[in-house]
Amino acid sequence: MDAAKPVNIAELRRMRAAGEKIACLTCYDASFALIEDRAGVDVVLIGDSLGMVIHGGRTTTPVTVDQIVYHSKCVAPHLQRAFLIADLPFLSYATLERALDASQRVMQEGGAKMVKLEGGREQASIVEYLSVRGVPVCAHLGLQPQFIHKMGAFKVQGRDDAAAEAMVHDAHVLAEAGADLLLLECIPAGLGRRIAQASPVPVIGIGAGHDVDGQILVLHDILHISPTVTLGRTPRFVKNYMNGAPDIESAIRAYVQEVKSGAYPAPEHCF
(Lines give C-alpha, C1' and ligand atoms only; values in the text may rest on other atoms or scores of the structure.)
Protein backbone atom coordinates (compact mmCIF):
# COMPACT_ATOMS: atom_id res chain seq x y z
CA MET A 1 0.00 0.00 0.00
CA ASP A 2 1.21 3.51 -0.81
CA ALA A 3 2.10 5.02 2.56
CA ALA A 4 1.02 8.48 1.36
CA LYS A 5 -2.45 7.39 0.25
CA PRO A 6 -5.03 8.74 2.72
CA VAL A 7 -6.91 6.15 4.74
CA ASN A 8 -10.67 6.20 4.24
CA ILE A 9 -13.63 4.01 5.21
CA ALA A 10 -13.11 1.74 2.19
CA GLU A 11 -9.49 1.23 3.20
CA LEU A 12 -10.47 0.36 6.76
CA ARG A 13 -12.89 -2.24 5.41
CA ARG A 14 -10.17 -3.60 3.12
CA MET A 15 -7.77 -3.87 6.05
CA ARG A 16 -10.35 -5.77 8.03
CA ALA A 17 -11.08 -8.16 5.16
CA ALA A 18 -7.35 -8.75 4.68
CA GLY A 19 -6.81 -9.42 8.37
CA GLU A 20 -4.56 -6.37 8.75
CA LYS A 21 -4.93 -4.84 12.18
CA ILE A 22 -5.89 -1.16 12.37
CA ALA A 23 -3.69 1.00 14.62
CA CYS A 24 -5.51 3.95 16.20
CA LEU A 25 -4.41 6.60 18.69
CA THR A 26 -5.80 9.79 20.17
CA CYS A 27 -4.27 13.15 19.26
CA TYR A 28 -4.96 16.74 20.23
CA ASP A 29 -2.36 19.03 18.63
CA ALA A 30 -0.23 19.68 15.54
CA SER A 31 3.07 18.41 16.92
CA PHE A 32 1.73 14.98 17.79
CA ALA A 33 -0.36 14.87 14.60
CA LEU A 34 2.80 15.11 12.51
CA ILE A 35 4.54 12.42 14.56
CA GLU A 36 1.59 10.02 14.58
CA ASP A 37 1.05 10.36 10.85
CA ARG A 38 4.73 9.76 10.16
CA ALA A 39 4.79 6.79 12.54
CA GLY A 40 2.07 4.98 10.59
CA VAL A 41 -1.00 5.45 12.78
CA ASP A 42 -4.02 4.53 10.63
CA VAL A 43 -6.75 6.35 12.56
CA VAL A 44 -6.40 9.44 14.75
CA LEU A 45 -9.14 10.30 17.25
CA ILE A 46 -9.83 13.72 18.70
CA GLY A 47 -11.14 12.16 21.86
CA ASP A 48 -13.10 13.94 24.54
CA SER A 49 -10.42 12.31 26.70
CA LEU A 50 -8.77 15.70 26.17
CA GLY A 51 -10.91 16.85 29.08
CA MET A 52 -8.84 14.60 31.34
CA VAL A 53 -5.37 14.43 29.76
CA ILE A 54 -5.17 18.02 28.44
CA HIS A 55 -7.54 19.97 30.69
CA GLY A 56 -6.88 17.90 33.82
CA GLY A 57 -10.51 17.18 34.62
CA ARG A 58 -11.84 14.10 36.39
CA THR A 59 -14.31 13.19 33.62
CA THR A 60 -15.00 13.92 29.96
CA THR A 61 -18.41 15.51 30.55
CA PRO A 62 -17.26 19.18 30.64
CA VAL A 63 -15.81 18.97 27.09
CA THR A 64 -17.67 21.13 24.55
CA VAL A 65 -18.18 21.05 20.80
CA ASP A 66 -16.09 24.24 20.56
CA GLN A 67 -13.17 22.45 22.20
CA ILE A 68 -13.45 19.40 19.94
CA VAL A 69 -13.54 21.71 16.90
CA TYR A 70 -10.51 23.64 18.17
CA HIS A 71 -8.38 20.53 18.68
CA SER A 72 -9.55 19.02 15.39
CA LYS A 73 -8.43 22.18 13.60
CA CYS A 74 -5.03 21.81 15.26
CA VAL A 75 -4.66 18.23 14.04
CA ALA A 76 -6.41 17.88 10.67
CA PRO A 77 -4.06 19.96 8.47
CA HIS A 78 -1.07 17.86 9.53
CA LEU A 79 -2.43 14.42 8.64
CA GLN A 80 -1.37 13.21 5.20
CA ARG A 81 -2.48 9.60 5.60
CA ALA A 82 -4.28 8.98 8.90
CA PHE A 83 -8.10 9.02 9.02
CA LEU A 84 -9.45 11.61 11.47
CA ILE A 85 -12.38 10.87 13.79
CA ALA A 86 -13.77 13.37 16.31
CA ASP A 87 -15.86 12.68 19.38
CA LEU A 88 -19.25 14.28 19.78
CA PRO A 89 -19.08 15.43 23.41
CA PHE A 90 -21.59 15.00 26.22
CA LEU A 91 -25.19 15.88 25.24
CA SER A 92 -24.14 17.32 21.87
CA TYR A 93 -26.22 14.57 20.21
CA ALA A 94 -29.14 14.56 22.63
CA THR A 95 -31.51 15.37 19.75
CA LEU A 96 -31.37 14.79 16.02
CA GLU A 97 -30.87 18.48 15.33
CA ARG A 98 -28.11 18.90 17.90
CA ALA A 99 -26.32 15.84 16.57
CA LEU A 100 -26.43 17.17 13.04
CA ASP A 101 -25.26 20.63 14.09
CA ALA A 102 -22.37 19.22 16.13
CA SER A 103 -21.36 16.86 13.32
CA GLN A 104 -21.45 19.68 10.79
CA ARG A 105 -19.13 21.76 12.95
CA VAL A 106 -16.54 19.07 13.68
CA MET A 107 -16.45 18.04 10.02
CA GLN A 108 -16.69 21.43 8.28
CA GLU A 109 -14.78 23.55 10.78
CA GLY A 110 -12.64 20.89 12.42
CA GLY A 111 -11.80 18.78 9.39
CA ALA A 112 -12.87 15.43 10.87
CA LYS A 113 -13.87 12.62 8.48
CA MET A 114 -16.12 10.77 10.97
CA VAL A 115 -17.84 11.42 14.28
CA LYS A 116 -17.99 9.11 17.28
CA LEU A 117 -20.86 8.88 19.74
CA GLU A 118 -21.51 6.77 22.80
CA GLY A 119 -24.53 4.59 23.53
CA GLY A 120 -26.34 1.47 22.41
CA ARG A 121 -29.55 0.81 20.50
CA GLU A 122 -31.09 3.99 21.93
CA GLN A 123 -28.76 5.92 19.61
CA ALA A 124 -29.86 4.07 16.45
CA SER A 125 -32.12 6.89 15.30
CA ILE A 126 -29.27 9.39 15.70
CA VAL A 127 -26.88 7.14 13.79
CA GLU A 128 -29.37 6.68 10.95
CA TYR A 129 -30.21 10.39 10.83
CA LEU A 130 -26.53 11.30 10.49
CA SER A 131 -25.64 8.45 8.15
CA VAL A 132 -28.28 9.20 5.52
CA ARG A 133 -27.03 12.79 5.48
CA GLY A 134 -23.49 11.78 4.65
CA VAL A 135 -21.99 11.79 8.15
CA PRO A 136 -19.86 8.70 8.83
CA VAL A 137 -20.40 7.44 12.38
CA CYS A 138 -18.36 5.37 14.81
CA ALA A 139 -20.57 3.89 17.54
CA HIS A 140 -19.03 3.41 21.00
CA LEU A 141 -20.16 0.51 23.23
CA GLY A 142 -18.99 -0.98 26.51
CA LEU A 143 -17.54 1.46 29.02
CA GLN A 144 -18.89 4.86 28.00
CA PRO A 145 -17.02 7.67 29.80
CA GLN A 146 -19.78 10.20 29.10
CA PHE A 147 -22.11 7.99 31.17
CA ILE A 148 -19.75 7.89 34.17
CA HIS A 149 -22.19 9.69 36.47
CA LYS A 150 -24.81 7.02 35.64
CA MET A 151 -22.38 4.09 35.75
CA GLY A 152 -20.73 5.30 38.94
CA ALA A 153 -17.21 4.08 38.12
CA PHE A 154 -14.88 3.22 35.28
CA LYS A 155 -15.29 -0.56 35.24
CA VAL A 156 -15.52 -3.52 32.90
CA GLN A 157 -18.85 -3.84 31.09
CA GLY A 158 -20.65 -6.90 29.71
CA ARG A 159 -19.44 -9.41 32.28
CA ASP A 160 -22.77 -11.16 32.89
CA ASP A 161 -24.76 -13.00 30.24
CA ALA A 162 -27.62 -10.50 30.06
CA ALA A 163 -25.30 -7.52 29.62
CA ALA A 164 -23.25 -9.38 27.02
CA GLU A 165 -26.35 -10.32 25.02
CA ALA A 166 -27.58 -6.72 25.17
CA MET A 167 -24.25 -5.45 23.83
CA VAL A 168 -24.23 -7.95 20.97
CA HIS A 169 -27.73 -6.79 20.07
CA ASP A 170 -26.73 -3.13 20.34
CA ALA A 171 -23.78 -3.67 17.99
CA HIS A 172 -26.09 -5.28 15.42
CA VAL A 173 -28.69 -2.51 15.67
CA LEU A 174 -26.12 0.28 15.35
CA ALA A 175 -24.47 -1.30 12.32
CA GLU A 176 -27.88 -1.78 10.72
CA ALA A 177 -28.64 1.89 11.41
CA GLY A 178 -25.60 2.90 9.40
CA ALA A 179 -22.58 2.97 11.74
CA ASP A 180 -19.41 2.55 9.69
CA LEU A 181 -17.22 1.60 12.64
CA LEU A 182 -17.70 0.18 16.13
CA LEU A 183 -15.53 0.91 19.16
CA LEU A 184 -15.65 -1.43 22.15
CA GLU A 185 -14.19 -0.25 25.45
CA CYS A 186 -13.33 -2.25 28.54
CA ILE A 187 -15.18 -5.53 27.95
CA PRO A 188 -14.22 -9.22 28.28
CA ALA A 189 -12.02 -10.47 25.44
CA GLY A 190 -14.50 -13.20 24.58
CA LEU A 191 -17.29 -10.69 24.12
CA GLY A 192 -15.04 -8.52 21.94
CA ARG A 193 -14.32 -11.55 19.76
CA ARG A 194 -18.00 -12.43 19.49
CA ILE A 195 -19.05 -8.91 18.45
CA ALA A 196 -16.18 -8.57 15.96
CA GLN A 197 -16.99 -11.90 14.31
CA ALA A 198 -20.65 -10.95 13.86
CA SER A 199 -20.11 -7.33 12.86
CA PRO A 200 -20.41 -6.23 9.22
CA VAL A 201 -18.15 -3.23 9.94
CA PRO A 202 -14.64 -2.94 11.43
CA VAL A 203 -14.44 -3.17 15.22
CA ILE A 204 -11.81 -1.26 17.20
CA GLY A 205 -11.04 -2.17 20.78
CA ILE A 206 -9.64 -0.49 23.86
CA GLY A 207 -9.46 -3.13 26.52
CA ALA A 208 -11.66 -5.39 24.37
CA GLY A 209 -9.21 -8.21 23.75
CA HIS A 210 -7.02 -9.36 20.90
CA ASP A 211 -9.62 -10.61 18.42
CA VAL A 212 -11.02 -7.31 17.18
CA ASP A 213 -10.00 -5.55 13.97
CA GLY A 214 -7.87 -2.85 15.54
CA GLN A 215 -6.77 -1.18 18.74
CA ILE A 216 -6.91 2.34 20.12
CA LEU A 217 -5.23 3.87 23.15
CA VAL A 218 -4.93 7.35 24.60
CA LEU A 219 -1.69 8.95 23.42
CA HIS A 220 -0.72 10.28 26.84
CA ASP A 221 -1.27 6.84 28.39
CA ILE A 222 1.16 5.04 26.06
CA LEU A 223 3.71 7.81 26.68
CA HIS A 224 3.15 7.27 30.42
CA ILE A 225 2.44 10.95 31.12
CA SER A 226 -1.33 11.10 31.59
CA PRO A 227 -2.75 12.02 35.01
CA THR A 228 -4.22 8.52 35.23
CA VAL A 229 -0.88 6.74 35.04
CA THR A 230 1.01 9.45 36.93
CA LEU A 231 -1.36 9.01 39.86
CA GLY A 232 -0.91 5.24 39.78
CA ARG A 233 -4.30 4.29 38.30
CA THR A 234 -3.07 2.79 35.02
CA PRO A 235 -5.85 0.81 33.31
CA ARG A 236 -5.12 -2.87 32.71
CA PHE A 237 -5.13 -2.41 28.93
CA VAL A 238 -2.49 0.36 28.90
CA LYS A 239 1.13 -0.38 28.00
CA ASN A 240 3.99 2.07 28.56
CA TYR A 241 5.67 2.39 25.15
CA MET A 242 8.18 4.97 26.39
CA ASN A 243 9.83 2.21 28.39
CA GLY A 244 13.06 1.57 26.46
CA ALA A 245 12.17 3.91 23.60
CA PRO A 246 14.78 6.54 22.62
CA ASP A 247 12.12 9.12 21.72
CA ILE A 248 8.39 9.70 21.34
CA GLU A 249 8.21 8.81 17.66
CA SER A 250 9.94 5.50 18.35
CA ALA A 251 7.43 4.77 21.10
CA ILE A 252 4.50 5.44 18.78
CA ARG A 253 6.09 3.35 16.02
CA ALA A 254 6.51 0.49 18.49
CA TYR A 255 2.83 0.71 19.39
CA VAL A 256 1.80 0.64 15.71
CA GLN A 257 4.09 -2.31 15.00
CA GLU A 258 2.80 -4.29 17.98
CA VAL A 259 -0.81 -3.69 16.98
CA LYS A 260 -0.03 -4.75 13.41
CA SER A 261 1.86 -7.88 14.49
CA GLY A 262 -0.68 -8.85 17.13
CA ALA A 263 1.85 -8.53 19.96
CA TYR A 264 -0.44 -5.94 21.54
CA PRO A 265 -2.65 -6.52 23.39
CA ALA A 266 -0.97 -9.34 25.29
CA PRO A 267 -3.00 -11.50 27.69
CA GLU A 268 -2.11 -9.23 30.62
CA HIS A 269 -3.83 -6.33 28.85
CA CYS A 270 -7.14 -8.19 28.43
CA PHE A 271 -10.14 -8.86 30.67
Side-chain angles (χ1 to χ4, degrees), residues 7 12 15-27 32 36 39-45 47 49 52-53 82-83 85 87 116 118 138-145 153-159 163-164 167-168 171 181-199 201-226 228-230 232-245 248-271:
V7 174
L12 295 175
M15 293 172 71
R16 182 198 194 212
E20 179 182 347
K21 297 291 187 180
I22 302 166
C24 315
L25 201 58
T26 66
C27 187
F32 281 111
E36 290 189 28
V41 175
D42 299 309
V43 174
V44 165
L45 171 68
S49 50
M52 301 174 76
V53 300
F83 185 72
I85 304 175
D87 271 340
K116 181 170 74 64
E118 299 180 12
C138 174
H140 182 153
L141 295 170
L143 174 61
Q144 298 160 37
F154 294 106
K155 58 186 179 181
V156 181
Q157 303 295 307
R159 282 196 183 276
M167 201 179 303
V168 170
L181 208 63
L182 293 176
L183 189 147
L184 305 177
E185 180 170 358
C186 212
I187 67 172
L191 179 56
R193 180 189 313 114
R194 183 179 170 193
I195 292 174
Q197 288 175 344
S199 174
V201 300
V203 176
I204 308 300
I206 174 168
H210 183 273
D211 298 312
V212 290
D213 303 307
Q215 302 291 332
I216 187 166
L217 287 174
V218 172
L219 170 66
H220 292 61
D221 283 348
I222 74 165
L223 299 181
H224 213 62
I225 58 173
S226 70
T228 300
V229 299
T230 301
R233 299 194 295 265
T234 305
R236 181 186 181 110
F237 51 79
V238 170
K239 179 175 178 178
N240 176 10
Y241 281 91
M242 281 305 295
N243 187 17
I248 287 173
E249 184 169 339
S250 297
I252 294 174
R253 286 185 182 275
Y255 165 70
V256 171
Q257 290 165 2
E258 288 202 353
V259 170
K260 296 289 187 183
S261 70
Y264 175 85
E268 62 266 25
H269 303 121
C270 302
F271 299 103

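For the side chain to side chain contact (heavy atoms under 4.5 Å, CB included) test with Thr26, the passing option among Leu45, Ile85, Val44, Asp87 is Leu45; the others fail.
To the nearest 0.5 Å, atoms CD (Gln215) and CD1 (Ile22) are separated by 10.5 Å. The distance from the CG atom of Leu141 to the CG atom of Leu143 is 11.5 Å, given to the nearest 0.5 Å. The CD1 atom of Ile216 sits 8.0 Å away from atom OG of Ser49, with the distance rounded to the nearest 0.5 Å. Rounded to the nearest 0.5 angstrom, Ile248 CD1 and Phe32 CZ are separated by 4.5 Å. Here the straight-line distance linking atom CD1 of Ile187 with atom CG of Leu191 works out to 4.0 Å at 0.5 Å rounding. Between the SG atom in Cys27 and the CG atom in Leu219 there is a gap of 6.5 Å [rounded to 0.5 Å].
For Pro265 against Gly209, the heavy-atom pair with the smallest separation is CG-O, 3.6 Å. What you find for Val156 and Pro188 is that their closest heavy atoms are CG1-CD, 3.9 Å. Pro235 and Thr228 get closest at one heavy-atom pair: CD-CG2, 3.8 Å. Scanning all heavy atoms of the two residues, the minimum distance from Lys116 to Leu183 falls at CD-CD1, 4.1 Å. Nearest heavy-atom pair, Gly158 versus Ala164, reported as atom, atom and distance to 0.1 Å: O-CB, 3.8 Å. Smallest separation of non-hydrogen atoms from Met167 and Ile195: CG-CD1, 4.0 Å.
With sequence neighbours excluded, the residues satisfying salt bridge (Lys or Arg N to Asp or Glu O under 4.0 Å) with Lys239 are Glu258. Qualifying ring-ring contact (aromatic ring centres under 6.0 Å, His included) partners for His210, counting only residues two or more places apart in sequence or in other chains: none. Scored by the ring-ring contact (aromatic ring centres under 6.0 Å, His included) test, Tyr255 finds Tyr241 as partners (sequence neighbours excluded). Legend: residues meeting side-chain contact (heavy atoms from CB on, under 4.5 Å) with Arg236, ordered by chain and number and at least two apart, are Phe271. Annotation: ring-ring contact (aromatic ring centres under 6.0 Å, His included) contacts of Tyr264 (sequence neighbours excluded): His269. Taking the side chain to side chain donor-acceptor pair (under 3.5 Å) definition, one finds that Gln257 meets it with nothing, sequence neighbours left out. A search for side chain to side chain donor-acceptor pair (under 3.5 Å) contacts involving Glu118 returns nothing, not counting sequence neighbours. Residues that satisfy the side chain to side chain donor-acceptor pair (under 3.5 Å) test with Ser199, not counting sequence neighbours, are absent from this structure. Partners of Thr234 by side chain to side chain donor-acceptor pair (under 3.5 Å), not counting sequence neighbours: none found. Partners of Val53 by side-chain contact (heavy atoms from CB on, under 4.5 Å), not counting sequence neighbours, listed by chain and number: Tyr28, Val218, His220, Ser226, Pro227.
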- Task: Apply the test side chain to side chain contact (heavy atoms under 4.5 Å, CB included) to residues His224 and Asn243: give CA-CA distance (whole Å), side-chain angles for both, the deciding distance (0.1 Å), then the verdict.
- Result: CA-CA 9 Å; His224 213 62; Asn243 187 17; over 6 Å; no

- Please test Leu217 against Ile206 for side chain to side chain contact (heavy atoms under 4.5 Å, CB included), starting from the C-alpha separation and ending with a verdict. CA-CA 6 Å; Leu217 287 174; Ile206 174 168; 4.2 Å; yes

- Task: Report the C-alpha separation of Met15 and Lys260 in whole Å, then their side-chain angles, then the decisive distance to 0.1 Å, and conclude whether the side chain to side chain contact (heavy atoms under 4.5 Å, CB included) test is met.
- Result: CA-CA 11 Å; Met15 293 172 71; Lys260 296 289 187 183; 3.2 Å; yes

- Message: For a side chain to side chain contact (heavy atoms under 4.5 Å, CB included) check, start with the C-alpha distance between His140 and Glu185, then their side-chain angles and the critical distance, and finish with the verdict.
- Response: CA-CA 8 Å; His140 182 153; Glu185 180 170 358; 3.0 Å; yes

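Arg253 places none of its side-chain heavy atoms less than 4.5 Å from the side chain of Glu36. A 4.5 Å side-chain heavy-atom check between Leu12 and Val43 finds at least one atom pair inside the cut-off. Taking the side chain as every heavy atom from C-beta outward, Leu182 and Cys138 never approach each other to under 4.5 Å. You'll find the side chain of Leu184 stays beyond 4.5 Å of the side chain of Ile204, heavy atoms only. Within the 4.5 Å cutoff, the side chain of Phe237 has heavy atoms near those of the Cys186 side chain.
Counting only residues at least two apart or on different chains, the salt bridge (Lys or Arg N to Asp or Glu O under 4.0 Å) pairs with a member in residues 209-220 are Arg16-Asp213, Arg193-Asp211.
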